[in-house]
Amino acid sequence: MLIVMVGPNVKRKKEKKTATRWNERNFITEVLIPSFFVRKSGVQHRPVFPQLKAGQLGLTWIGHASFLIQTPKHNILVDPNWANWLVVIKRLKRAGLAIHDLPNIDLVLITHAHFDHLNRRTLRAVAERQPIVVPIGVHNLVHDLGFERVHEMNWWDEWHYRGLKITFTPAKHWGARVLTDRHRGYGGFAIEFEGRQVYHCGDSAYFSGFREIGRRLAPEIALLPIGAYEPPSFRDVHMGPEQAVQAFQELKSKTFVPMHFGTYRMSYEPMHEPAQRLMLAGTEAGVLQDIRFLIEGMPQVF
């Protein structure tokens, strides 16, 4: 998420301009300010993490795009974020568990540098001399937080770590944290261990690259974003639920776990709408039985 505050235009031209999508709605008055007065929802659980057997995977959705992914030998955090505020955007649903209730973390993966995916305060809290993996150009944002080393990746790079195979995958998004650092990379991660594979998409609009990821990897479990599809900029940078279903099918995945909805209101659509639209789209596409909603803070075995 790159935040840009747009102020009023002081100079008014005499001629009447054709209305654009920018001036049809006002994100500040319609979404941002009302959210300040919304009471935070959700429950923070004290999870009991399962003792995984060979061939099993554990997934715990923390909220938004944050996940704990577990194998019988690893605890992996992807895009951990416990922030109550993203500059001026308020968290409207609690993280599903407290940071101090996490197991010992072996590896941290960051998909891109936007504030809702790379939260420095959270990363400093979870850093215990383990490695962190980031896109190319993001090293300087995390090198001073207490990690053993920072490993940067480009699209389709592979990295092996303690029996894990990590592949950095393409996406249709952008990586800048502020307006002046457009050199930073972005993408998703496919995490493979002993024949099981989880794919975390990161942020992405729909694009033909999902077919390529499906052809190369066919990830078994796909964690796909379904919210923030009506941003104030109206840029095509996030999938809607219907496009996420199409991406799921093109990925050739077996299980669809939705994410990136219901935590921060960063877009015009109501908080409840992405999940409802996903269920409808899944029904129409004949894949509703493959969609698995997770409850924040409740570990699930796959």
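Keep in mind it's a predicted model, so treat the numbers as computed, not measured.
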Show the numbers, then the answer: is there a side chain to side chain donor-acceptor pair (under 3.5 Å) between Ser66 and Asp79? CA-CA 5 Å; Ser66 305; Asp79 287 354; over 6 Å; no

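- Side-chain contact between His238 and Pro225: absent, with no pair of heavy atoms (C-beta onward) separated by less than 4.5 Å.
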Take Ile136 and Met153 through the side chain to side chain contact (heavy atoms under 4.5 Å, CB included) test and state the conclusion after the steps. CA-CA 5 Å; Ile136 195 77; Met153 299 184 74; over 6 Å; no

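- Across Tyr206 and Lys172, no two heavy atoms sit closer than the pair O-CD, 3.7 Å.
- Under the side-chain hydrogen bond (donor to acceptor under 3.5 Å, both in side chains) criterion, no residue pair touches residues 52-63, with sequence neighbours excluded.
- Inspection of the Glu242 and Gln246 side chains reveals no N or O donor paired with an N or O acceptor under 3.5 Å.
- Looking at heavy atoms from C-beta onward, Pro50 lies out of side-chain contact with Gln300 at the 4.5 angstrom threshold.
- Smallest separation of non-hydrogen atoms from Lys40 and Arg94: O-NH1, 3.2 Å.
- Taking the side chain as every heavy atom from C-beta outward, Tyr161 and Pro131 approach each other to under 4.5 Å.
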Glu296 vs Lys93, test: side chain to side chain contact (heavy atoms under 4.5 Å, CB included). Steps then yes/no. CA-CA 10 Å; Glu296 295 94 327; Lys93 195 169 188 180; 3.3 Å; yes

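- With a 4.5 Å cut-off on side-chain heavy atoms, Trp156 and Thr167 count as touching.
- Taking the six-membered ring for Trp and the full ring otherwise, Trp159 and Phe189 have centroids separated by 6.0 Å or more.
- A heavy-atom distance below 4.5 Å is found between the side chains of Val237 and Trp174.
- Counted by atom type alone, Asp106 and Gln130 present zero donor-acceptor pairs between their side chains at under 3.5 Å.
- Every residue meeting the ring pair (Phe, Tyr, Trp, His ring centres under 6.0 Å) condition with Phe256, not counting sequence neighbours, appears here in chain and number order: Phe248.
- For the pair Ile226 and Met239, the minimum side-chain heavy-atom distance is 4.5 Å or more.
- Side chains of Asp203 and His114: a donor-acceptor N/O pair is absent below 3.5 angstrom, by distance only.
- Across Pro231 and Ala228, no two heavy atoms sit closer than the pair CD-O, 3.7 Å.
- Between His260 and His64, the ring planes are tilted. Angles from 30° to 60° get that label.
- Considering all non-hydrogen atoms of both residues, Leu294 and Phe302 come closest at CD2-CZ, 4.1 Å.
- Ring-centre distance between Trp85 and Tyr264: not below the 6.0 Å cut-off.
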Would Lys254 and Asp290 count as a side chain to side chain contact (heavy atoms under 4.5 Å, CB included) if you check the C-alpha gap in whole Å, the side-chain angles of each, and the deciding distance to 0.1 Å? CA-CA 7 Å; Lys254 296 179 180 179; Asp290 301 321; over 6 Å; no

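- Note on Leu217: it clusters hydrophobically with Leu224, by side-chain heavy-atom contacts below 4.5 Å among ILVMFWY residues.
- Counted by atom type alone, Tyr229 and Glu273 present one or more donor-acceptor pairs between their side chains at under 3.5 Å.
- In the hydrophobic clustering, Leu145 connects to Phe49, Ile62, Leu68, Leu77, Trp82, Leu97, Ile99, Leu102, Ile105, Val108, Ile110, Leu118, Leu123, Val126, Ile132, Val134, Val138, Leu141, Val142, Phe147, Val150, either directly or through intervening members, whenever side-chain heavy atoms lie under 4.5 Å apart.
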